[in-house]
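Right, one structure below, let's go through it.
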Amino acid sequence: MSIGAKWEAVYSTRAADEVSWFRPHLETSLELINRFAGGSSAAIIDVGGGEATLADDLLQQGFQNLTVLDISKTALEVARKRIGSAADRVHWIVSDITEVNPPASAYDLWHDRAVFHFLTMPEARKAYIERATSAIKAGGHLVLSTFGPNGPTKCSGLDVMRYSPEALQALLAPAFRLVADLTEIHTTPAGAEQQFTYGVFQKS
Ligand SMILES: C[S@@+](CC[C@H](N)C(=O)[O-])C[C@H]1O[C@@H](n2cnc3c(N)ncnc32)[C@H](O)[C@@H]1O
């Protein structure tokens, strides 16, 4: 099964609030975006946004230049439907982030919660980092949230990587420099605790 088909299967069999990564609101992401985006006119892309309520909340906070990309058409349709007519103000892209060619220097802030850690092959990580490096403006930010060193080793049956902020920095240098990090314990809808690392990286 292709990676896209795998995610379609996940989203067509589980409700938005049943998946392990569900949170009613991505509070930590919202806080970091507000801190580092540089204002509500910032161009922001949520990579692997899925069915998350991040776009809903950013629209409500007045952000005007939003893009949500995901490999799953089903997930983006759920998000668009939930947002309603305001969804027309968001640019929606169904694509694999390791294959798409995003426009150069297009985004002030690139957000990824729980997507990069699924890239277990070095070539896929390289493709992702090349795209982020090209698409983020000089001085712009990459907000990356992955499983932490004590996080799960699998998610939705897929192997994952686990990262400390320093491990992410080692992968992202020299194009990006770590400017903030934190650890979060996420409680899944089933009650399990998962350690997440958040790193904010500035593009040189
Ligand atoms: C664990 S979910 C996280 C969803 C959302 N970021 C959140 O925090 O609620 C991972 C998401 O990444 C998407 N995804 C996985 N691999 C991808 C890829 N190579 N390109 C684009 N999206 C991908 C999946 O479809 C899924 O929506």
Side-chain angles (χ1 to χ4, degrees), residues 1-33 44-58 66-83 90-102 107 109-132 135 142-148 151-163 182 184-190 192 194-199:
M1 195 188 275
S2 73
I3 191 71
K6 167 77 194 167
W7 283 103
E8 284 300 343
V10 169
Y11 282 118
S12 50
T13 53
R14 286 151 83 189
D17 59 357
E18 285 173 359
V19 292
S20 59
W21 54 92
F22 172 74
R23 298 180 76 79
H25 300 280
L26 303 190
E27 308 89 342
T28 305
S29 298
L30 286 165
E31 188 190 320
L32 294 173
I33 291 169
I44 297 174
I45 182 166
D46 186 17
V47 171
E51 297 175 349
T53 57
L54 188 68
D56 317 38
D57 290 338
L58 289 172
L66 303 178
T67 300
V68 182
L69 177 147
D70 202 282
I71 204 168
S72 167
K73 187 167 181 270
T74 303
L76 294 190
E77 275 169 2
V78 167
R80 287 179 82 141
K81 202 168 161 196
R82 184 186 61 232
I83 293 172
V90 177
H91 186 209
W92 302 91
I93 303 173
V94 178
S95 262
D96 182 332
I97 192 57
T98 64
E99 290 174 1
V100 71
N101 282 315
Y107 303 108
L109 189 142
W110 171 300
H111 171 265
D112 167 342
R113 173 176 180 263
V115 186
F116 183 72
H117 63 205
F118 286 104
L119 305 179
T120 54
M121 304 298 285
E123 315 83 69
R125 289 195 289 275
K126 182 169 178 277
Y128 180 108
I129 293 166
E130 278 171 3
R131 281 155 179 78
L142 165 58
V143 176
L144 197 49
S145 170
T146 66
F147 284 138
T153 53
K154 278 190 179 275
C155 177
S156 290
L158 295 170
D159 289 333
V160 292
M161 307 294 288
R162 303 186 291 175
Y163 294 105
L182 61 95
E184 179 175 77
I185 303 299
H186 165 65
T187 304
T188 71
Q194 298 181 331
Q195 184 196 47
F196 275 77
T197 292
Y198 284 76

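Atoms within each ligand, like the ligands themselves, are counted from 1 in listed order.
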Quiz item: Taking only residues two or more places apart in sequence or in another chain, which ones pass side-chain hydrogen bond (donor to acceptor under 3.5 Å, both in side chains) with E8?
Solution: S72, T74

Practice problem: List every atom of ligand 1 that sits less than 4.0 Å from any heavy atom of A52, numbering the atoms from 1 in the order shown and giving each element. | Solution: 7 (C), 9 (O)

Quiz item: Does ligand 1 have any atom sitting under 4.0 Å from a heavy atom of C155?
Solution: no

Exercise. Examine distances only and state if a side-chain atom of R82 and a backbone atom of A52 form a donor-acceptor pair shorter than 3.5 Å.
Key: yes

Exercise. Work out whether the distance between some heavy atom of A75 and some atom of ligand 1 is less than 4.0 Å.
Key: no

Quiz item: For ligand 1, which atoms have a heavy atom of G50 less than 4.0 angstrom away?
Solution: 27 (O)

Practice problem: For atom 16 (N) of ligand 1, state which one of F147, W7, F118 supplies the nearest heavy atom. | Solution: W7

Quiz item: What's the shortest distance from atom 7 (C) of ligand 1 to any protein heavy atom, and which residue and atom give it?
Solution: R113 NH1, 3.4 Å

Quiz item: Taking the minimum heavy-atom distance to atom 19 (N) of ligand 1, which of L54, D96, V94 ranks first?
Solution: D96

Quiz item: Can you find an N/O atom of G48 closer than 3.5 Å to an N/O atom of ligand 1?
Solution: yes

Quiz item: Does an N or O anywhere in V115 fall below 3.5 Å from an N or O of ligand 1?
Solution: no

Quiz item: Does D70, backbone or side chain, put an N or O under 3.5 Å from an N or O of ligand 1?
Solution: yes

Practice problem: Give the atoms of ligand 1, by number and element, whose distance to some non-hydrogen atom of S95 is under 4.0 Å. | Solution: 20 (N), 21 (C)

Exercise. With atom 27 (O) of ligand 1 as the reference point, say which of W21, Y11, Y128, F116 has the nearest heavy atom.
Key: Y11

Quiz item: Is the NZ or CZ atom of R162 both under 6.0 Å from the centre of the six-membered ring of F196 and within 45° of that ring's axis?
Solution: no

Practice problem: Could you check atom 14 (N) of ligand 1 against the protein and tell me its nearest heavy-atom contact, residue, atom and distance included? | Solution: I71 CG2, 3.8 Å

Quiz item: Between E77 and K81, is there a side-chain N and carboxylate O pair less than 4.0 Å apart?
Solution: no

Quiz item: When the aromatic ring centroids of W7 and F118 are compared, is their separation below 6.0 Å?
Solution: yes

Quiz item: So which protein heavy atom does atom 10 (C) of ligand 1 come closest to, and at what separation?
Solution: A114 O, 3.3 Å

Quiz item: Would you say the side chain of V160 lies within less than 4.5 Å of the side chain of K154, judging by non-hydrogen atoms?
Solution: no

Quiz item: What protein heavy atom sits nearest atom 20 (N) of ligand 1, and how far away is it?
Solution: I97 N, 2.9 Å

Quiz item: Any side-chain heavy atom of Q195 within less than 4.5 Å of one from H186?
Solution: no

Quiz item: In a check of side chain to side chain contact (heavy atoms under 4.5 Å, CB included) between S29 and each of L54, D46, V143, which one passes?
Solution: L54

Quiz item: Using a distance-only test with no angle check, is there a side-chain donor-acceptor pair under 3.5 angstrom linking Y11 and E51?
Solution: no

Quiz item: Between the side chain of S156 and the main-chain N/O of L158, is any donor-acceptor distance below 3.5 Å?
Solution: no

